[in-house]
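Step one of this worksheet: look at the structure below.
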Amino acid sequence: MLNLSVLPDLLAIGGLVTVFAALLRRTQQTRLRYWLVGWVMILVHIIAQLVYLNVPMLAQPGEAVSLSMLLLTSVAFIWAGHDRHAGRSSSFVGTLLASTPDVLFVVLLAGGVEDHRVFLGLTVLAAAAALELFRADRRSSVRRDRWPLTAGIVLAYVVQALLVQFATIEWALIWMLYWHYLLVAYFFWHGATSRTRGVWFTTVSFVAWALVFPVAAVLDRWAPGLQIQSGAWNLPKFLVATGMIFTVLEEQLGEAKHDAMHDELTGLPNRRLFARRLDAALSRARQRSERLVVLVIDMDDFKQINDTRGHATGDALLAAAAECLRARLRGTDTLARIGGDEFAAILPDVDSREAVAALVRKLQAALHHGLDVQGERIAVHASIGAAFYPDDGSDEASLYVAADRAMYAHKLGAREPQAD
């Protein structure tokens, strides 16, 4: 009679593979590619389980494939969390090859080999391969934590060798799977750009997945009468998958929110975000009795550049102008692209009108000195108007109108940009 106990897991993981393939097509993230590889390996792991549960003559090779896929899945997930932006397929294949001693450990154990010296040798080879891999890896996530990672890997393999020598090879395998999935949790956590709920949930789920191996072995050894359904042990896998999908959705929503608040060409805050930041800056200025300045910056004769040199050159010029202006403002200042060839800046906690006048001259001089655009240097003339809180206005609208009026006055030659 067929044992189909893993069939629900097979169908569920097959569905997850489809979902991750669809996410990869949509986002083209390097990390998702290796997540997909990992879930395909889990699918193979379950298929191999189905084989060795139902085909006695294939029990040993089926178990060897099943356990090997479980191990290599951790390698794929470690790689995905290693550095989400810099993964290369050739290096990933090299990492899988470096895992050969660990895979041989699993295969020989499933094949019934009992010589402890063989497994000690494979443990030493696996440790050497892992240390060389981390030593040669120049990615940021490894360089930052090289010594703690090295110490942790050495300790993991030392414990594995002690278990081979003084306990059983089976316990050494359980330990191997346990610490590999703990390492997955570590890299997933440290590879995240922000600590969102999805990241927390997925990291904890990976820890739970790691704990499945020793907890199941302990209960099997010391509480054999305690019957726990296989679905309970597989629950952390599905929690991990849920967390991964949740994390991707959080990132997509975050990117959509960012795009809604930033200018696509320059990456600067757009008019909507500028208004929000100006409102917040004014609130702080009122509370602290500080002065605040709004600048409105307009590129003179930009339409002529667009008409004579083309829109591609015009866009490149705007991007270069944005970078030039941003480099000359403080980290606490806000520079935004309001629209077309117009920029605006918020300068909180200014010292004096003279300091603002000096900054305006510096910005105009930097633009007039010329910007490198598509292999040529283009000088830009800018009209800049300044409005001071509370002298020229007490709210966002009045300050912006005052700065805009000052800018046009400068453009027409009616007054100086410093609003003296």
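Basis for what follows: all heavy atoms, side chains included, without hydrogens, waters or symmetry-related copies.
- Not one N or O on the side chain of Arg276 forms a donor-acceptor pair closer than 3.5 Å with the backbone of Arg272.
- Residues Leu268 and Phe343 have side chains in contact (heavy-atom distance under 4.5 Å, counting atoms from C-beta outward).
- Ser394 contributes no side-chain N or O that, together with a main-chain N or O of Pro390, makes up a donor-acceptor pair within less than 3.5 Å.
- Contact between Arg337 and Leu318 at its shortest, heavy atoms only, is NH2-CD1, 3.4 Å.
- In this structure, the side chains of Gln160 and Phe105 come closer than 4.5 Å at one or more pairs of heavy atoms.
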Quiz item: Where do Val106 and Leu173 land on the side chain to side chain contact (heavy atoms under 4.5 Å, CB included) test, with the steps shown first?
Solution: CA-CA 7 Å; Val106 171; Leu173 173 61; 3.6 Å; yes
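- With rounding to the nearest 0.5 angstrom, the CG atom of Asn234 is 7.5 Å from the CD1 atom of Ile13.
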### Query
Would Met299 and Leu367 count as a side chain to side chain contact (heavy atoms under 4.5 Å, CB included) if you check the C-alpha gap in whole Å, the side-chain angles of each, and the deciding distance to 0.1 Å?
CA-CA 9 Å; Met299 307 288 111; Leu367 293 171; 4.0 Å; yes
Practice prompt. Output, in order, the C-alpha distance, side-chain angles, deciding distance and verdict of side chain to side chain contact (heavy atoms under 4.5 Å, CB included) for Ile384 and Met407.
Written response: CA-CA 5 Å; Ile384 304 178; Met407 182 272 295; 5.8 Å; no
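- A pairwise comparison of heavy atoms in Met41 and Met69 identifies O-CB, 3.4 Å as the closest pair.
- More than 12 heavy-atom neighbours from other residues, nucleotides or ligands sit within 6.0 angstrom of CZ on Arg286.
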Please walk me through it: do Leu149 and Leu183 pass side chain to side chain contact (heavy atoms under 4.5 Å, CB included)? CA-CA 9 Å; Leu149 282 171; Leu183 200 59; 4.2 Å; yes
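- In this structure the side chain of Phe246 never reaches within 4.5 angstrom of the side chain of Thr202, judged on heavy atoms.
- Ion pairing between Glu251 and Arg31 holds under the 4.0 Å rule for side-chain N and carboxylate O.
- At a cut-off of 3.5 Å, with distance as the only test, a side-chain donor of Asp300 or Ser383 sits close to an acceptor on the other residue.
- We find the CG-CG distance between Leu104 and Leu122 to be 6.0 Å, quoted to the nearest 0.5 Å.
- Within the 4.5 Å cutoff, the side chain of Glu264 has no heavy atoms near those of the Asp259 side chain.
- The two residues Thr266 and Arg326 come nearest to each other via the heavy atoms O-NH2, 3.9 Å.
- Counting heavy atoms from C-beta on, the side chains of Phe206 and Thr203 never come closer than 4.5 Å.
- Remark: the backbone N or O of Ala382 is paired with a side-chain donor or acceptor of Gln364 at under 3.5 angstrom.
- Asn54 contributes a side-chain N or O that, together with a main-chain N or O of Leu50, makes up a donor-acceptor pair within less than 3.5 Å.
- Within the 4.5 Å cutoff, side-chain heavy atoms of Leu295 are placed close to those of Leu363.
- Of all the heavy atoms in Val17 and Leu36, the pair that sits closest is O-CD1, 3.6 Å.
- Residues Leu347 and Leu329 have side chains in contact (heavy-atom distance under 4.5 Å, counting atoms from C-beta outward).
- Asn270 contributes a side-chain N or O that, together with a main-chain N or O of Leu273, makes up a donor-acceptor pair within less than 3.5 Å.
- Separating the CG atom in Leu71 from the OG atom in Ser66 is a distance of 11.5 Å, to the nearest 0.5 Å.
- Taking the ring centroids of Phe187 and Phe77, they lie at or beyond the 6.0 Å cut-off.
- Aromatic ring orientation, His258 versus His262: parallel (interplanar angle below 30°, classes split at 30° and 60°).
- Distance check: Ser194 OG to Glu250 CD gives 7.5 Å after rounding to the nearest 0.5 Å.
- Taken to the nearest 0.5 Å, the CZ atom of Phe188 stands 9.0 Å off from the OG atom of Ser205.
- The aromatic ring centroids of Trp175 and Tyr157 lie 6.0 Å or more from each other.
- With hydrogens and angles disregarded, no donor-acceptor distance shorter than 3.5 Å links the side chain of Arg291 to the backbone of Val350.
- When the shell of 6.0 Å around OH of Tyr178 is examined, it contains 12 or fewer heavy atoms from other residues, nucleotides or ligands.
- Phe213 CZ to Leu70 CG: the interatomic distance, rounded to the nearest 0.5 Å, is 4.0 Å.
- In this structure, His180 contributes its side chain and Met176 its backbone to a donor-acceptor pair below 3.5 Å.
- The environment of Arg117 atom CZ is sparse: at most 12 non-hydrogen atoms of other residues, nucleotides or ligands sit within 6.0 angstrom.
- In this structure, the side chain of Thr168 does not engage the main chain of Val164 through any donor-acceptor pair within 3.5 Å.
- Between Arg309 and Glu376 there is a salt bridge, since at least one side-chain N of the basic residue sits less than 4.0 Å from a carboxylate O of the acidic one.
- Ring geometry, Trp39 versus Trp209: the interplanar angle falls under 30°, so the pair is classed parallel (tilted spans 30 to 60°).
- Side-chain contact between Val51 and Val65: absent, with no pair of heavy atoms (C-beta onward) separated by less than 4.5 Å.
- Between Trp189 and Val199, the closest heavy-atom pair is CE3-CG1, 3.8 Å.
- Formation of a donor-acceptor pair under 3.5 Å by the Asp333 side chain with backbone atoms of Arg330 is found in this model.
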